[in-house]
Amino acid sequence: MARTWTNREVAELLRRIADMLEIKGEVIYKSIAYRRAADNIADLGRDLRAIWREGDLREIPGVGQALSKKLDELLSTGRLRYYEKLEEEVPAGVLSLLAIPDVGPKTVKLIWERLGILSVAEVERAAREGKLRQLPGLGEKSEQRILRGIELLHRRSERIPLGTAWPVARELLAALRQVLGVRKATAAGSLRRMCATVGDLDLLVSSSSPAPVMQVFGQLPQVERVSLSGETKTTVIQRNGLQVDLRVLPPERYGSLLQYFTGSKSHNVKLRGLALEQGLSLSEYGFKRGEEEILCPREGDVYRMLGLQRIPPELREDRGEIEAAAEGRLPALVTEGDIRGDLHCHTDWSDGAASIEEMALAAMERGYEYLVISDHTQSLGVANGLTPERLKEQRQEIERVDARYPDFRLLQGYELEIKADGTLDFPDDVLAELDVVIASVHSGLRQEREKITQRVLNAVRNPHVDIIGHLSGRILGHREPSEVDIPEVLREAAKTGTIIEINSIPDRLDLEDIYVRRAVGLGVRLAINSDAHSVGGLDMMRFGIATARRGWAEAKDIVNTLPVGDLLALIG
DNA sequence: GCCGTTTTCGGCCCGACTGTTTTCAGTCG
C-alpha cells in the first residue's frame with residue numbers, strides 16, 4: 001500500500017522542491033509558486049486527501065494544472081518521480097547548507113560545484129582552511145560571516161513559543177522607549193500576528209533621529225553582537241541566540257512601517273499587488289504614485305488607501321482576509337473583553353499551586369463572572385488526581401467559597417482522563433454529578449492514528465463530557481502532536497455539540513489556529529481556557545484568545561463569552 | 001508554476017545592508 005502523506009509532509013516536500021529548483025537556477029517564480037502551494041496546503045485545516053478524493057485539488061489556491069497532477073501522483077502512488085529525479089541532481093546534503101544564515105542558493109551552488117561540499121561540517125572545515133575566500137565573489141569577510149552563521153546555526157534553538165518571546169520583547173521595547181526622541185516602540189512580525197511560535201523579533205521605533213536609538217540598542221546588556229547596522233535598520237544577536245531586528249522611521253511614516261513589518265510576507269505581497277492595480281507602489285515608506293509620495297502615519301491609512309477594511313494583525317496570513325476586507329465582510333473577532341469566565345484551571349487539590357479561594361479571587365480581579373475549578377482525576381497519579389471521594393470533599397470547599405462571593409459563580413468540574421485503553425476515568429454516575437466535564441488525553445499519545453482517534457471520539461460521544469481539552473497534546477519544542485484525526489473529531493463534535501477547547505498555555509496553543517478556522521466553519525462550539533496551574537497562569541488567556549482570533553473566531557463561537565446561566569443551560 | 005472585471009501570455013513586491021565590486025549581486029525580511 002502506498003504510504004500516506006500528511007498535509008505537513010506534502011508541504012515540506014514542495015518546499016524542498018522549491019529549494020532544489022532555486023539552487024539549480026530555475027526562474028525564481030517557479031520556486032515561489034511551489035512555496036505558495038506548500039503554505040496553502042499546510043494551512044488547509046482539513047485532510048488534503050479528502051479534497052483529492054471528493055473534489056478538485058485546484059480548489060486550493062496556488063495549485064494549478066501542473067501541481068495538481070504531481071499531487072495526484074504523490075497521493076495515489078506515495079511517490080513523486082519528479083522529486084526523485086531532482087534528488088539525483090541536487091543531493092540532500094546540498095539542501096542542508098541553506099540552513100546556514102547568510103548563505104542562500106547562489107552561494108550553496110558555488111560551494112557545492114566548486115568544492116564538492118555536501119554538509120555543514122565540510123563548509124566549516126573549508127572556511128577554516130581559507131578555501132572559501134578563493135571562490136569568485138567570496139572574500140575573507142564572507143568566509144568569516146559564514147563561520148559565524150554556522151556557529152549561530154548550532155547554537156540557536158528552533159522557533160520559540162509566543163509566550164517566551166512576549167516578555168523578552170516587552171523588556172527591549174521598554175528600554176527603547178527611554179531613548180530621547182522616541183515617540184512609539186512596537187513589536188511587529190510574527191509576534192504581533194500572535195503566531196504560536198516566533199523565529200526572531202522585529203521591533204519598530206518612531207523617531208526623527210534614529211542614530212541614538214541604534215546606538216542604545218546595540219549596547220543593551222542582552223546583546224551579544226551587532227550583526228548588521230545601517231541608518232534605519234540594525235540587527236543584533238542576543239546572548240540566548242535570538243535575533244532581533246530594529247527599524248526606525250519618523251512618525252509620518254510609522255503607519256506604513258508598522259504595516260510592512262507586521263507581515264506576513266505573503267499578505268504583503270498580495271497587498272502590494274493590489275496597490276499596483278491601482279497605480280500605486282507600496283513600501284515601508286508609504287505609497288508612491290509616480291513621483292508623488294503619500295505618507296501613512298497610521299497603519300489604518302494603508303488599508304484605507306487600498307479600499308480595504310483595517311485587517312487585524314492576527315488575520316494577516318493571506319488566508320482570504322484581503323478578499324474579505326475588500327468586500328467589507330471581515331469577522332468581528334473575539335476580544336479579551338468578551339470573555340466572561342475561565343472553564344479550566346487547577347488548584348492545590350491536584351497539581352496546581354494556589355488554593356481554590358486564591359484562584360477565585362484572582363478570577364474576580366480579572367473581571368470574570370465565573371470560574372470552573374477543574375483538577376485532574378485519579379488516573380493521572382503524577383498530578384495527584386482526585387478520586388470520587390476527594391471530589392466530594394472538594395465540592396464542599398468550592399460551595400463554601402462560592403457562598404462568600406454572591407456576585408461571582410464558582411463551579412466544580414474536572415479534567416477527566418481519557419485512559420490509554422479508551423475508557424474514561426469515572427463511571428457515568430460520577431460524571432453526571434458535576435457542572436463541567438473536560439476530557440483530555442495525557443497518556444498513550446504515541447498511539448497509532450486509528451486508535452487514538454477512536455479514544456477521543458468515544459469521549460466526544462459521551463453525553464456527560466462537555467469539553468475536549470488540548471486535543472492534539474502537542475508541547476511546542478518538546479512533543480509533536482499526537483496522530484489524532486482532528487478534522488474527524490471536529491466533524492463529530494459538530495454533531496454532538498461537544499465543546500472543543502482552545503488551550504491557552506503558550507507552549508500548547510491547542511487547538512491550532514488552522515483547526516480553529518475549520519471548527520468555526522463547521523459550527524463547532526469552542527472554549528478558550530487558561531488551564532492555569534497558578535494565579536499568574538490565568539493571564540495566559542490572552543494567548544488563547546489570540547489563537548482563536550487567528551482562526552477567525554467571533555464571540556458567538558466561544559462559549560465562555562456567555563453569561564453563566566446561558567453557559568450552564570448550553571452544557572446541560 | 002500560477003493566474004486573469006484591464007491579460008490565456010506576460011507579468012509575478014520592494015527596499016536595506018554587505019561585500020567585493022568599478023556598477024551590482026546576494027541575502028534577508
Side-chain angles (χ1 to χ4, degrees), chain A residues 14 17-18 21-23 25-40 57-71 82 97-111 132-146 148-149 152 188-191 193 198-204 210 214 226-235 243-249 253 256-257 259-288 302 306 318 322 326:
Chain A
L14 296 181
I17 292 175
L21 294 173
E22 211 175 339
I23 291 172
E26 287 274 356
V27 284
I28 187 64
Y29 298 109
K30 244 187 192 187
S31 296
I32 291 172
Y34 272 90
R35 293 197 181 107
R36 195 165 104 77
D39 288 345
N40 288 325
L57 289 170
R58 279 175 292 189
E59 291 165 21
I60 302 165
V63 175
Q65 196 178 0
L67 272 171
S68 83
K69 199 155 167 261
K70 289 190 172 75
L71 289 173
Y82 178 69
L97 306 188
L98 285 174
I100 305 171
D102 292 328
V103 173
K106 297 286 192 287
T107 311
V108 165
K109 184 172 203 240
L110 185 71
I111 294 176
L132 296 186
R133 71 182 71 172
Q134 294 162 14
L135 297 173
L138 295 184
E140 204 171 330
K141 285 191 173 172
S142 303
E143 200 171 66
Q144 289 309 311
R145 199 157 41 99
I146 290 170
R148 280 203 307 270
L152 193 63
S190 47
L191 187 73
R193 300 200 313 280
V198 174
D200 56 22
L201 298 183
D202 294 297
L203 306 182
L204 307 179
M214 297 305 186
V226 177
S227 70
L228 173 159
S229 81
E231 278 177 41
T232 68
K233 176 177 177 173
T234 294
T235 295
Q243 177 177 317
V244 187
D245 296 335
L246 172 68
R247 291 284 301 244
V248 184
L249 283 185
R253 299 184 192 273
S256 43
L257 179 71
Q259 193 290 315
Y260 182 64
F261 279 96
T262 298
S264 65
K265 192 169 182 168
S266 50
H267 174 89
N268 285 352
V269 167
K270 192 164 265 187
L271 224 53
R272 288 177 175 205
L274 210 58
L276 282 179
E277 286 175 19
Q278 301 178 23
L280 297 162
S281 160
L282 173 62
S283 77
E284 58 264 49
Y285 293 91
F287 288 99
K288 268 195 221 165
V302 177
L306 294 169
D318 188 23
I322 293 175

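To find a chain, count down the sequence lines: A is the first, B the second, and so on, and within it residues start at 1. Values in this document were obtained by computation on a predicted structure and should not be read as measured data. Atom set for the values below is all heavy atoms of this structure, side chains included, hydrogens, waters and symmetry mates excluded.
Between the P atom of dC28(B) and the CG atom of L228(A) lies a distance of 12 Å, rounded to the nearest Å. When rounded to the nearest whole Å, the span between CZ of R58(A) and P of dC3(B) equals 10 Å. Rounded to whole Å, the distance from CG on L98(A) to P on dG29(B) is 13 Å. We find that CZ of R148(A) is positioned 14 Å from C1' of dT27(B), with the value rounded to whole Å. Protein atom CD of E26(A) is 8 Å distant from nucleotide atom P of dG1(B), rounded to whole Å. Nucleotide dG19(B) holds its C1' atom 11 Å from the CD1 atom of I146(A), rounded to whole Å. Protein atom CG of L138(A) is 13 Å distant from nucleotide atom C1' of dT18(B), rounded to whole Å. Between L152(A) atom CG and dT27(B) atom C1' there is a gap of 15 Å when expressed in whole angstrom units.
Note on K70(A): only backbone sugar-phosphate atoms sit closer than 4.0 angstrom, heavy atoms only; bases stay farther off. Counting any heavy atom pair closer than 4.0 Å across all strands shown, E140(A) reaches sugar-phosphate atoms only and no base atom. Across all strands, V103(A) comes closer than 4.0 Å only to sugar-phosphate atoms, never to a base (heavy-atom distances). Among the heavy atoms of the strands lying under 4.0 Å from K141(A) are primed sugar atoms or P, OP1, OP2 only; no base atom is included. Using a 4.0 Å heavy-atom distance criterion, T107(A) is classed as a sugar-phosphate-only contact.
For the pair Q65(A) and P136(A), nearest-nucleotide mapping onto DNA chain B gives the more 5' position to Q65(A). Where K30(A) and I100(A) each meet DNA chain B at their nearest nucleotide, the meeting point lying more 5' is that of K30(A).
For dT20(B), one of the phosphate oxygens OP1 or OP2 lies less than 4.0 angstrom from a side-chain nitrogen or oxygen of S142(A). One finds a side-chain N or O of Q243(A) lying less than 4.0 angstrom from the OP1 or OP2 phosphate oxygen of dG29(B).
The environment of Q278(A) atom CD is dense: over 12 non-hydrogen atoms of other residues, nucleotides or ligands sit within 6.0 angstrom. When the shell of 6.0 Å around CD of E231(A) is examined, it contains 12 or fewer heavy atoms from other residues, nucleotides or ligands.
At least one side-chain heavy atom of V244(A) sits less than 4.5 Å from a side-chain heavy atom of L203(A). Using a 4.5 Å heavy-atom threshold, the side chains of R145(A) and V103(A) count as separate.
dC14(B) and dT20(B): their P atoms are spaced 30 Å apart (whole Å). Rounded to the nearest Å, the gap between the P atom of dT21(B) and that of dG15(B) is 27 Å. Spacing of C1' atoms, dT7(B) relative to dC12(B), comes out at 13 Å, to the nearest Å. dC13(B) and dC17(B) are spaced 22 Å apart, taking the P atom of each and rounding to whole Å. One C1' atom belongs to dT6(B), the other to dG11(B), and the distance between them is 13 Å to the nearest Å. Taking atom C1' in both dT8(B) and dG1(B), one finds a spacing of 14 Å when rounded to whole Å.
Remark: the backbone N or O of L132(A) is paired with a side-chain donor or acceptor of E143(A) at under 3.5 angstrom. Checked by atom type and distance alone, the side chain of R253(A) pairs as donor or acceptor with a backbone atom of Y285(A) at under 3.5 Å. Under the 3.5 Å distance criterion, the side-chain polar atoms of S256(A) are matched with a main-chain donor or acceptor of E284(A). No donor-acceptor pair closer than 3.5 Å links the side chain of R247(A) to the backbone N or O of L204(A). In this structure, the side chain of N268(A) engages the main chain of Y260(A) through a donor-acceptor pair within 3.5 Å.
The side chain of R145(A) lies closest to dG19(B) when the candidates are dG19(B), dG29(B), dG1(B). Across dG1(B), dG29(B), dC28(B), the shortest atom-to-atom separation from the side chain of D102(A) is found for dC28(B).
dT7(B) adopts a syn glycosidic conformation, its chi angle falling within 90° of 0.
dT8(B) makes up no base pair with any nucleotide shown, lacking Watson-Crick or G-U wobble contacts both under 3.5 Å.
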Q: Go along nucleotides 5-16 of chain B 5' to 3' and tag each nucleotide: B for a protein heavy atom under 4.0 Å from its base, S when only backbone or sugar atoms are that close, - otherwise.
A: -------BBBSS
